[in-house]
Structure formats: structure tokens, C-alpha cells
Amino acid sequence: MDKLKIGIIMGGLSSEKEVSLNSGRNVHDNLDPEFYEGVPLFMDERGRLWILPWQLIPQNTTVDITEQLERQARPVTYEELRKEIDFAFISLHGKYGDDGCIQGLLELLGIPYTGPGVLASALGMDKHIQQMILREAGLDVPRSLMVRRAEWESDREGVLRRIREALPWPCVTKPTREGSSIGVTIIRDEASLDAGMIEALRWDNAVLVEEFLEGVEFSSIVLEEDGVIEPLGLTEIHPQSDFYTYDDKYMPGRCRKFTPPKTIPPEAVKRILEEVLRAFHALGFRSYGRIDGFYTTDGRILVTDPNSSSGMAPSSFFFEQAASAGMLPSMIISRLIENARKIHREKRGPL
Ligand SMILES: Nc1ncnc2c1ncn2[C@@H]1O[C@H](COP(=O)(O)OP(=O)(O)OP(=O)(O)O)[C@@H](O)[C@H]1O
Ligand SMILES: [Mg+2]
């Protein structure tokens, strides 16, 4: 029997390319060799795809890989991709990765892939639009307002007035479309707003200013299987920094995570999982997703960050929750692939 060729797409154009590389190679190393042949596909900074020889996969950074592409890797045009792989495991994160761009390309090429479709992926990336949809669906989301670069640059006083009217201090500034906590700042007082806006505007042309939430953060992977959508688990997060920063997320030993939750009471866990599912449905997610939020000290449950993909390093929420449910990395990866193939077989038009 021919093995299914799984293209694992990693790297990419976004600020999260290094995170993506770590996700991708871990997926590659954990594919079940009985059924699948892994094709490691590196996307360079110009969006070109290369098939990596195995010797390049353990390289430390995407820069190290990029420098050796011409000599050691084989370029693949988009048109040829269909001949190289049967299925795409999207291990890209961030812009052009889990925001609908690569999904649209794969739709046109007729290649099935992991995760939500074009629209839901785009919604998963845009923190402003997703909040409008979640609010409309009756979920509790942080109070927020959106500030565009042009408005900030031409009318800083007006922006300040709008923030003062809408939110108390502290508040949080973040780029509307980013991940891995990139560009996020906790603003303790008015004097630090400038720094937060400048930081967020490094990454996008619009900033979301949010109410600061006090409480415990949670994260839940949700899986679709045979039409049934269910949370895989729930993890409670105890960051070491003021908030759950890039370093807390990826540096070994920085942050403690508890699956199942350690301090959130069972009654609240039940409600959180209901909210997580509601968010998944409201955004039209398919295949899988990761819904993050807060259980506040005053008992509110808020969805703050629905993600249409999830990091897949060994100690990621994805594999931690799979392990907690009794599944080896290879088992959960196989399930994700087979479920996604079924979803794509049954779709009418783009997912
Ligand atoms: N409204 C808020 N109140 C308090 N802390 C917040 C708030 N929004 C974000 N944070 C902190 O910043 C972190 C990153 O924010 P957020 O989850 O919105 O971004 P992200 O970059 O999309 O993260 P991910 O990598 O999980 O996709 C959160 O995990 C949390 O610690
Ligand atoms: Mg996110």
C-alpha cells in the first residue's frame, strides 16, 4: 500500500517562523511511519516552498536553513505541489500561515489540509473582528477599542480621550493580528500608553486596546471528529512573568501549566468548556483549534484568543492535552490528519 505523502509546511513569512519550525519538525518526527511519508516543506521569506533534506531539519533557526536552501534543498513551485504531497499539515503560524492565505492556495490546488478553512482562519487571526462575532454570539469578551495607525498619528489626544471614556487603567495594547504574545504590552498608566502603541504598531497597522483581566488563564484544544466537536482538554497557565510572554511560552522551564486545571473549580471548568465550544462554533472553525481565555477573580469566563492553529512543540498545549487524554503524539497527529481528510472529502466549495 502506498503511504500517504504528508507535506508539513513550516517556516513562512510571519514573526512566528521560528515557532513554526519547532512545530513542524516535531510533527515530522512524530508522523506514524506505518501510514505516512513525511515531506518537510520549508516556506522561505518570499513564500517559496522547498523540500528539505532530513539533514537540515534539526538546524537551529530558519536563517540557518535559508542559507543552505540553494545548495541542499529542492524548490517546488506551487503548481507542482500536488505531485509532491497528498495532504498538507499546516505547521505555519501567524500572517500568511494560519490566517487564510495558505488555506486559499491549498484550496485552489485541491490539496486537503489541517485546521479551519479560509474564512475561519482569517477570523482566527483578526482579534478585532473575532471579538465582534463572539460578542454577537453571546460570549463574554474583554471590553476593547480598535485604533488605526493613521488615527494615532494624526489625533493622539482624541485616541486618549476615547480610551479614557471606554476603559480603566491598566489596559492591554496588542497588534490586531499577531500571535505568540508578540507586540503585547500591559499599560499600567496613561504615561506608558505611547510605548505600548509604538510596540503594537511595529507589527500591524491597527492596535486593539483591551480591558486588563485579572485572574487565571486557560487554554483548550478542540477537535472535530466525525462531525462531533469536543474539547480535548483544558490547561491552566501560571506564567512566571507579568503575563504569558513569548519567553514564558517557549523557553524551557519558564512557565507552569496544569492539565487538568489545578485551581479552577470543577463547576467553572464545566462552564469554560461550554464557552470554548461556543467560540469554536461561532467562528466556524473546523478540524481543530485552540481557544484561550481567562477565568477572572470575580468569576467571569472570557474568551480572549481563539486560534485557528496551535503550536506543536513537545510540551505544547496540543501534545500535553493529548497525553492527558491517553494519546501519544503520533496518535493525535494521525487522528487530526484522518479527520481533516474526511472533512475535505465532504466539503462543497472551499472549507
Ligand atoms: N485583556 C487582557 N488582560 C490581561 N492579560 C492579557 C490580556 N490580553 C492578553 N493578555 C496577556 O497577553 C498574552 C498574549 O495575548 P493574546 O493571547 O491575546 O495573544 P497571542 O499573541 O495571540 O497569543 P497566542 O500565542 O496564544 O496565540 C496572554 O496570554 C495574556 O497573558
Ligand atoms: Mg493567538
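First listed ligand is number 1; within each ligand, the first listed atom is number 1. Just so you know, these numbers come straight off a predicted model, no measurement behind them. Values below: every heavy atom of this structure, side chains too, minus hydrogens, waters and symmetry copies.
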Do [X] and [Y] sit within salt-bridge range, that is, some charged N less than 4.0 Å from a carboxylate O?
X	Y	answer
Asp155	Arg162	no
Lys174	Glu199	no
Glu225	Arg335	yes
Lys83	Glu80	no
Arg161	Glu157	no
Arg164	Glu190	yes

In the protein, which heavy atom is nearest to [atom], and how far is it?
atom	result
atom 2 (C) of ligand 1	Val172 CG2, 3.6 Å
atom 25 (O) of ligand 1	Ser180 N, 2.7 Å
atom 3 (N) of ligand 1	Leu213 N, 2.8 Å
atom 31 (O) of ligand 1	Glu217 OE2, 2.6 Å
atom 17 (O) of ligand 1	Asp305 OD2, 3.1 Å
atom 14 (C) of ligand 1	Ser181 OG, 3.3 Å
atom 23 (O) of ligand 1	Lys249 NZ, 2.9 Å

What are the atoms of ligand 1, with element, lying closer than 4.0 Å to any heavy atom of [X]?
X	value
Arg290	24 (P), 26 (O), 27 (O)
Asn307	27 (O)
Asp292	26 (O)

Inset, instruction - Assess Ser180: does it contribute an N, O or S atom lying under 2.8 Å from the Mg ion (ligand 2)? - result: no

Inset, instruction - Please confirm if an N, O or S atom belonging to Asp305, backbone or side chain, lies less than 2.8 Å from the Mg ion (ligand 2). - result: yes

Should [X] be counted as touching ligand 1, given the test is an N or O pair under 3.5 Å?
X	result
Tyr250	no
Glu16	no
Thr304	no

Legend entry - Proximity flag Glu214 to ligand 1, non-hydrogen atoms under 4.0 Å: no

Give a yes or no on whether the backbone of [Y] and the side-chain of [X] come within a donor-acceptor separation of less than 3.5 Å.
X	Y	answer
Arg25	Gln59	yes
Thr114	Ile90	yes
Lys127	Glu178	yes
Ser316	Ala313	yes

Legend entry - Options Lys174, Lys127, Glu178, ranked by nearest heavy atom to atom 19 (O) of ligand 1, top entry: Lys127

Inset, instruction - Can you figure out which of Phe212, Phe243, Phe294 has its heavy atom closest to atom 6 (C) of ligand 1? - result: Phe294

Legend entry - Heavy-atom side-chain proximity of Ile9 to Phe42 below 4.5 angstrom: no

